[in-house]
Protein chains: 2
Amino acid sequence: MTTMTAAERRREAKAAFDSYMDACPTHDVLAVLGNKWTSVVVFQLTQGPRRYADLARALPGVSAKMLTQTLRSLERDGFVARSVTPSVPVQVEYTLTLLGERLVPLLASVRHFAEHNIADIRAARDQYDATATD
Amino acid sequence: MTTMTAAERRREAKAAFDSYMDACPTHDVLAVLGNKWTSVVVFQLTQGPRRYADLARALPGVSAKMLTQTLRSLERDGFVARSVTPSVPVQVEYTLTLLGERLVPLLASVRHFAEHNIADIRAARDQYDATATD
DNA sequence: CTGCATCCAATATGATACTG
DNA sequence: CAGTATCATATTGGATGCAG
């Protein structure tokens, strides 16, 4: 049973690593935050509860589809609560949950890092692109 | 010239918002961190310099293409330095730059948040999925 | 007003084979 | 060893029209 051992071991290592990646909390959170509209929507909600149309107006770049999708995803993760007022027409309000509020200091950390280092990052990019074009 | 004003204003607002998003440092950093392999590659490099094959071995889930792409992207952003030793065969070593080291505490913040809140997040997901299936 | 369905484009990721 | 090239698939994002 030594035949194929190397390939087998590689496959097993890969499967194990894939499960690890799937289970890794950090990676999970990063995937959520990495979505294009997550951070801006959360930021809007830190300003207070917002209705669907409020968000659409504040975020002119988002399509209706992505706004809905982002809100659903945040709701599913427990960051955002959705409450419907059955009037005519219906009124839907989105609010940050307590769990969602805990996202705020984290986003502040990211912002802090970003604002302090973006100049270096962009300088590096410019230099990289310049030397590549040479 | 009052015709189409509403639509025009919407288009302008969207264009302005798009530029804002593109220019936003936080969003920029989040986009980098959101890539599937960025965090794990950076984490490997916090353990010390690594050669290409070292990384491939430590990260059995990554394809050669994505490993190269991730490293190039990190190099372009100034987080990682690539040094070639012209031997036979060539030896390529990747190291975190000083800028890259500054990523470490940020990733630690993300990890801290993730580890403290992942249980609540997953509970929320389970509940959401359960009530949706009802 | 809210938001789903549909179709489409762009990007990210992956598998495989090949090269200096 | 350290990639590149190519092809294929998956995921993400967007535009439009329709519905409760």
Side-chain angles (χ1 to χ4, degrees), chain A residues 7 10-11 13-15 17-18 21-22 27-28 30-41 49-76 80-95 132, chain B residues 7 10-11 13-15 17-18 21-22 27-28 30-41 44-45 49-76 80-95 132:
Chain A
R10 238 177 296 125
R11 225 164 312 176
K14 176 166 179 169
F17 192 81
D18 280 351
M21 286 273 289
D22 283 353
H27 204 264
D28 201 332
L30 245 17
V32 173
L33 260 30
N35 289 330
K36 187 167 179 181
W37 300 104
T38 298
S39 55
V40 277
V41 168
R50 290 283 185 277
R51 291 178 50 186
Y52 185 90
D54 293 335
L55 292 169
R57 208 171 320 109
L59 277 18
V62 69
S63 64
K65 175 185 171 178
M66 289 316 296
L67 182 52
T68 300
Q69 189 172 306
T70 303
L71 287 167
R72 284 292 171 285
S73 170
L74 289 171
E75 189 192 353
R76 176 167 182 266
V80 161
R82 175 178 183 268
S83 63
V84 182
T85 306
S87 51
V88 180
V90 293
Q91 220 176 287
V92 181
E93 196 176 69
Y94 293 94
T95 322
Chain B
R10 238 178 295 124
R11 224 164 315 175
K14 177 167 178 167
F17 192 81
D18 280 352
M21 286 273 289
D22 283 354
H27 203 265
D28 201 331
L30 245 17
V32 173
L33 259 30
N35 289 330
K36 185 168 179 181
W37 299 104
T38 298
S39 55
V40 278
V41 167
Q44 283 298 315
L45 293 179
R50 290 285 186 275
R51 293 176 51 185
Y52 184 93
D54 293 334
L55 293 170
R57 208 169 323 109
L59 277 18
V62 69
S63 63
K65 176 182 172 178
M66 288 316 297
L67 182 52
T68 299
Q69 188 172 305
T70 303
L71 287 167
R72 286 289 174 286
S73 170
L74 289 170
E75 189 192 353
R76 176 168 182 266
V80 161
R82 176 177 182 270
S83 63
V84 182
T85 307
S87 51
V88 179
V90 294
Q91 220 176 286
V92 181
E93 196 177 68
Y94 292 93
T95 321

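Within every chain, numbering begins at 1; the chains are lettered A, B, ... in the order of the sequence lines, protein sequences first and strands thereafter. What you see is a predicted model; the values in this text were computed from it and never measured.
- Listed by chain and residue number, B:R72, B:E75, B:V84, B:V92, B:Y94 satisfy the side-chain contact (heavy atoms from CB on, under 4.5 Å) test with B:R82 (two or more places apart in sequence, or in another chain).
- In this structure, CG on B:L71 lies 15.0 Å from CZ on B:R76, to the nearest 0.5 angstrom.
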Query raised in the report: Can A:E93 and A:T85 be said to form a side chain to side chain contact (heavy atoms under 4.5 Å, CB included), step by step?
Result: CA-CA 8 Å; A:E93 196 176 69; A:T85 306; over 6 Å; no

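- When DNA chain C is scanned in the 5' to 3' direction for atoms under 4.0 Å from non-hydrogen atoms of chain B, the outermost contacting nucleotides are C:dT13 to C:dA15.
- Inter-axis angle, ends of the helix from C:dC1-D:dG20 to C:dG20-D:dC1, five pairs per end, rounded to 10 degrees: 40°.
- Screening residues 55-64 of chain B for salt bridge (charged side-chain N to carboxylate O under 4.0 Å, His left out), with sequence neighbours left out, gives B:D54-B:R57.
- For the pair B:A56 and B:L67, the tightest heavy-atom approach, listed with the atom from each and the gap, is N-CD2, 3.8 Å.
- Taking A:R50 as the reference, nothing meets the salt bridge (Lys or Arg N to Asp or Glu O under 4.0 Å) condition, with sequence neighbours excluded.
- Nucleotides of DNA chain C nearest to A:V84 and A:K14 differ in position, and the one nearer the 5' end is that of A:V84.
- Of the possible donor and acceptor atoms, one in the side chain of B:S87 sits under 3.5 Å from a partner among the backbone N and O of B:P89.
- Near-neighbour residues of DNA chain C inside residues 85-94 of chain B, defined by a heavy atom below 4.0 Å, are absent.
- When all heavy atoms are compared, the tightest approach of B:K36 to A:H27 is O-NE2, 2.7 Å.
- Scored by the side-chain contact (heavy atoms from CB on, under 4.5 Å) test, A:T38 finds A:V32, A:L33, A:N35, A:V42, A:T70, A:L74 as partners (sequence neighbours excluded).
- In this view, A:D18 and A:K14 satisfy the side-chain contact (heavy atoms from CB on, under 4.5 Å) rule, not counting sequence neighbours.
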Query raised in the report: What's the verdict on side chain to side chain contact (heavy atoms under 4.5 Å, CB included) for B:D22 and B:D28, showing C-alpha distance, side-chain angles and the deciding distance?
Result: CA-CA 7 Å; B:D22 283 354; B:D28 201 331; over 6 Å; no

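- The two residues B:F17 and A:G61 have their closest heavy-atom pair at CD2-N, 3.7 Å.
- Going from atom CH2 of A:W37 over to atom OG of A:S63 covers 8.0 Å, rounded to the nearest 0.5 Å.
- Every side chain to side chain donor-acceptor pair (under 3.5 Å) that A:T68 has, sequence neighbours left out, goes to A:Y52.
- When all heavy atoms are compared, the tightest approach of A:L30 to B:S39 is CD2-CB, 3.8 Å.
- Within a heavy-atom distance below 4.0 Å of DNA chain C, the residues of residues 50-63 of chain A found are A:R51, A:Y52, A:A53.
- On the nucleic acid side, DNA chain D has its first and last nucleotide under 4.0 Å of a heavy atom of chain B at D:dC1 to D:dA15, going 5' to 3'.
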